[in-house]
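Read the numbers this way: they start at 1 and go in the same order the structure lists the ligands and their atoms. Only a predicted model underlies this, so the values are computations on that prediction, with no experimental measurement involved.
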Amino acid sequence: MSNLWQKCLDYLKNDIGIEETEYAIWLLPLHADISDSEIKLYSPNRFTLKQVTDKYLPQIIDFCRKNKNDLQFNVRLMLGDIPKKEPVREVVSNTASNDADELEKKLKTSTNLGDQNQKNNSKNGLVNYYSFDNFVKGTTNQLAWYAASNVAANLGKPEANPLFLYGSTGLGKTHLMHAIGNKALEKDPNIKVLYIRAESYMQSMVKAYHSNSLNNFKNIHRSLDLFLIDDIHFLSGKSGTQDEFFHNFNTLIENNKQIVICSDRSHHEITNIDKHLTSRFAGGQSYNIDPPDIETRTAILLKKAQESNFELSHEIALYIAQRIQTNVRELNGALNNIVAYYNLHAGKYENGITLDGVKIAIKDQLAQHSKIVSIDNIKKVVCSHFNIKLRDLEGSSRKKNFVVPRHFAISLCRDLTNKTYKEIGDSFGRDHASVINSCNRASEMCAESEESKQLYDELSRTISY
Ligand code: ADP
Ligand code: MG
């Protein structure tokens, strides 16, 4: 972050006295791009942009002009992120990748963490890199690991068919799916395996339909020995694809062919999917993966560093793991940034990266994570967006103006914090069932309307960044 913007932030916080949470929610996520004549502040979404414009823009302009001693100095608020200028920056900004596919693409182009073994087999969709060996086990993921490795060794056993893995993003579900595929193929290279995300499954089905090759599509997917289908929650509301998947599923199970399914929530929390189908998901074994604990986070960092031949001390790994607690993808992002920073400044750190170097390399990530997402923050952002009072959000009025924000706020608490249904219920004066109902209502709204989905996603980004 540049000096001018840092000074401006200090001024807003210390001299203007902007409250800590407001500061963290609205100002910290801004990225500054500064030239001689102007500062462009990039905002991650339009809510932040609007809040900053309404609340703080005059003070920001005032400060920058005084500081630069230039009354023409421009302050511009922009949507999005700073455009990348030099290729090397692309590696630096390799923070959170969205999924294994994206990671795969990045791994192919990235110079610092590249690995010859990380190839994608375009025929079966598997990424060779993901294995059981390079998956770090801890208390929150070891059951899923054991179940997955058992399935890989014994495909199609009825007691574990389907294998259903669920949990929030970045916790290794996709990694385990690929590991199953790779292991099973290692054991028997002649089996037919397919890894596919539910979204791509739907797209290829639609394509087959339009090119009159639906029978071919069905034959391919119904003759597999191992079918790994990822992010199944995507089928929510897509009834045509659900029908085909249902038949696909039944054919494979009847023939003792293995199915592995991943989702961001448990089968009874998935809405807008035919109950016949979701109840089938529970017919084998189901495992939840929770965010890793501190020991596992540290071990993951050390393992990833070792894989990249990057020297990382236990002390530094622990420092990062203490601060980045959300998921493994974020940990990888932090490590990528550190490696890239180190490569750019290698001369400065002859004896390996120091703690001070790490603090600079992942400054932005640390700033984001210093604001732990709390139920109170979520309530605040939701009230501020819908322009309603906290007592109405928490109250019992059934007016639509209050009910929608309430469902959204409760569902966001479930998605973005580690709180249990009971804890969330207590903080809204509601019981467990009512919290589940709100989460389901919010997902239904998002499945029914693109606008609601966008709104939900933007609120979610506003809160977490
Ligand atoms: P999910 O499918 O749950 O969103 P991914 O499987 O895509 O998450 O994992 C995100 C990244 O984190 C991947 O690069 C994956 O290899 C890595 N990862 C997740 N959990 C572990 C773990 N326990 N050990 C090693 N790497 C992990
Ligand atoms: Mg995934």
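The side chain of Asn141, and not its backbone, has at least one atom closer than 4.0 Å to an atom of ligand 1 (non-hydrogen atoms only; side chain from C-beta on). Residue contacts with ligand 1, taken as heavy atom pairs separated by less than 4.0 Å, involve Asn134 solely via the backbone atoms N, CA, C and O.
Considering backbone and side-chain N/O of Lys137, none are found under 3.5 Å from N/O of ligand 1. Checking only distances, Gly170 does come within under 3.5 Å of ligand 1, N or O to N or O. Of the polar atoms of Ile300, none of the N or O atoms is found under 3.5 Å from an N or O of ligand 1, judged by distance alone. For ligand 1, none of its N or O atoms has an N or O atom of Val328 under 3.5 Å away.
By the salt bridge (charged side-chain N to carboxylate O under 4.0 Å, His left out) test, Lys238 is found to be paired with no residue, residues two or more places apart in sequence or in another chain being considered.
Each of Phe281, Phe164, Phe234 was scored for a side chain to side chain contact (heavy atoms under 4.5 Å, CB included) with Ser263, with one residue passing: Phe164.
Applying the 4.0 Å criterion to heavy atoms of Thr169 picks out, from ligand 1, the atoms 4 (O). Near Lys304, the atoms of ligand 1 lying under 4.0 angstrom from a non-hydrogen atom of the residue are 16 (O), 17 (C), 25 (C), 26 (N). Contact atoms of ligand 1 toward Gly172: 1 (P), 3 (O), 5 (P), 6 (O), 8 (O), 9 (O), 19 (C), 20 (N) (distance under 4.0 Å to a heavy atom of the residue).
Checking Thr241 against Glu244 by side-chain atom types alone, no donor-acceptor pair falls below 3.5 Å. At a cut-off of 3.5 Å, with distance as the only test, no side-chain donor of His221 or Asn248 sits close to an acceptor on the other residue.
Using a non-hydrogen distance threshold of 4.0 Å, Trp145 does not register as a contact of ligand 1.
Under 2.8 Å from the Mg ion (ligand 2) lies an N/O/S atom of Thr174, whether from backbone or side chain.
In this structure, the side chain of Asn134 engages the main chain of Tyr129 through a donor-acceptor pair within 3.5 Å.
Here the side chains of Thr251 and Lys218 are not in contact, with every heavy-atom distance at 4.5 Å or above.
Remark: Arg197 engages Asp231 in a salt bridge, criterion side-chain N to carboxylate O under 4.0 Å. In summary, Lys380 and Asp376 do not engage in a salt bridge, as defined by a charged side-chain N under 4.0 Å from a carboxylate O.
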